[in-house]
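Worksheet: the structure to be examined is printed underneath.
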Amino acid sequence: MEEVRQTTAWVAAHASHVTVDPAGIEKVVESIGSSIPKVEWDFEGIHFFDGGPLTVQYLLVLDALNFCFWPDDDLDYDHLARGLKEALEKDKSAFDADRLQKYTGPQLRNLLNWPRPLPLEDERIRLLHEVGLELEKSFDGNASNLVESCGKSAAELVTLVTRHFPGFRDHSVYRGRQVFLYKRAQIFAADLWGAFKGQGYGEFYDISSITMFADYIVPSVLRQLGVLKYSSTLASSIEANSVIASGTEEEVELRACSVYAVEKMRELMNKKWGKQVLSAELDLWLWSCGVQCPSLQHHRTLSIYY
Ligand SMILES: Nc1nc2c(c(CN[C@H]3C=C[C@H](O)[C@@H]3O)cn2[C@@H]2O[C@H](COP(=O)(O)O)[C@@H](O)[C@H]2O)c(=O)[nH]1
């Protein structure tokens, strides 16, 4: 995760479309006071949880598919989390490694009870197959074995996930440098931590090493709060709902500056209030604000990473 912190900080220092405003950070930190509003993991009540290895399997499948809902106006993350939960409740073997390798687009739609093709459906299927194949090859079919092999380290879990599953290697090249975001790999660790309440499969001694999860909701919340400022051209293209191509300077800056800004928020909170705040907690609070405010316009990038 040090790579994520260092490379996103470099982008923030060289960015020309997105600025992180220290005064905006100061204001937000002042306004929330010494404790961030506590948001419970699964505040929506949409996730599968049985307290055992099947939950780990569910979360890996969920985070393998946790990206790009916006091209369909009616689709959002809730549909995925709830759809996969209901599928698993109906059929406990739905996410067995051999089954994951065989799903087709129409079968996935059917599983999620979604009436039309999903955005980036072929990619979703490719990633499901990848997860099934690698689980079978290296982890006896079980995501719980993957988690057990990380020695209760979230950083090690992210390393293992990105080493074994190429689809989780979320990075970009920005002005000749490689930038690491690892959004879905990190959110998998945070989801385990949240679902298992820091115990069992969710026990990580270094959960503080996780950064925020660079998606399309949190940047728009940070902008609304005055933490991020956009150039006028970037602001107009987001307002016009134009697609911002994956890997462009604008897109990388939006994501990297969000990671950097949340790290700065947490540093300031630690300094001001002497409290260890986790980026994962700040993230969940910011994300929950964003999804409760559907009028917030977010950037639109076709990407398998978020
Ligand atoms: N930064 C950040 N991004 C997150 C999440 C989550 C869900 N986390 C769950 C974990 C426990 C909670 O109870 C949450 O349910 C999804 N996303 C991203 O949002 C976007 C979907 O938006 P919309 O199209 O409106 O549904 C998409 O990029 C998706 O990848 C998060 O926590 N943080």
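When a ligand or atom number is given, it counts from 1 through the structure's own listing order. Just so you know, these numbers use all the heavy atoms, side chains as well, and skip hydrogens, waters and symmetry mates.
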Starting at CG of L100, measure out to CD of E130 and round the result to the nearest 0.5 Å.
12.0 Å

Would you mind running through ligand 1 and noting each atom that sits below 4.0 Å from a heavy atom of V218?
1 (N)

For atom 3 (N) of ligand 1, the closest protein heavy atom turns out to be D215 OD2, 2.9 Å

Can K183 be said to touch ligand 1, with heavy atoms closer than 4.0 Å?
yes

Near W41 (heavy-atom distance under 4.0 Å), the atoms of ligand 1 are 10 (C), 11 (C), 13 (O)

Mark yes or no for whether R177, through its side chain, and T7, through its backbone, hold a donor-acceptor pair below 3.5 Å.
no

Taking the six-membered ring for Trp, are H79 and W114 parallel (under 30°), tilted (30 to 60°) or perpendicular (over 60°)?
tilted

Would you say L62 and L111 are hydrophobically clustered, going by side-chain heavy atoms of ILVMFWY under 4.5 Å?
yes

From the options F213, F43, Y216, select the one whose nearest heavy atom is closest to atom 27 (C) of ligand 1.
Y216

Side chain, backbone, both or neither: which applies to V39 and ligand 1 if a contact is any heavy-atom pair less than 4.0 Å apart?
neither

With a 3.5 Å distance limit and no angle check, can you tell me whether D91 reaches the backbone of S93 through a side-chain donor-acceptor pair?
yes

Of all the non-hydrogen atoms in the protein, which one sits nearest to atom 25 (O) of ligand 1, and at what distance?
I217 CD1, 3.6 Å

Salt bridge (Lys or Arg N to Asp or Glu O under 4.0 Å), that's the test. Do E44 and R82 meet it? Break it down for me.
CA-CA 10 Å; E44 318 95 315; R82 205 189 295 273; over 6 Å; no

Atoms of ligand 1 less than 4.0 Å from D76 heavy atoms?
23 (P), 24 (O), 26 (O)

Can we call the ring centroids of H299 and Y306 under 6.0 Å apart?
yes

Once you restrict to heavy atoms under 4.0 Å, what part of D191 touches ligand 1? Side chain, backbone, both or neither.
side chain

Do Y260 and H14 have ring centroids that are under 6.0 Å from one another?
no

For the 3.5 Å polar cut-off, considering only N or O atoms, please tell me whether N66 and ligand 1 meet it.
yes

Ignoring angles and geometry beyond distance, decide whether W287 reaches within less than 3.5 Å of ligand 1 through its nitrogen or oxygen atoms.
yes

Interatomic distance, CD1@I187 vs CZ@F168, rounded to 0.5 Å, equals 10.5 Å

Check for me whether H47 has a heavy atom closer than 4.0 Å to any atom of ligand 1.
yes

Looking at ligand 1, would D78 count as a contact under a 4.0 Å heavy-atom criterion?
no

Please write down residue, atom name and distance for the protein heavy atom closest to atom 26 (O) of ligand 1.
Y77 N, 2.8 Å

Please list the nearest protein heavy atom to atom 33 (N) of ligand 1 with its residue and the distance rounded to 0.1 Å.
D283 OD1, 2.7 Å

Ion pair present between D21 and R223, side-chain N to carboxylate O less than 4.0 angstrom?
no

Identify the closest protein heavy atom to atom 12 (C) of ligand 1: which residue and atom is it, and at what distance?
L284 CD1, 3.6 Å

W10 backbone acceptor or donor facing Y174 side chain under 3.5 Å
no

With heavy atoms of Y306 as the reference, note each atom of ligand 1 found under 4.0 Å away.
28 (O)

What protein heavy atom lies closest to atom 15 (O) of ligand 1? Include the residue and the distance to one decimal.
E44 OE2, 2.5 Å

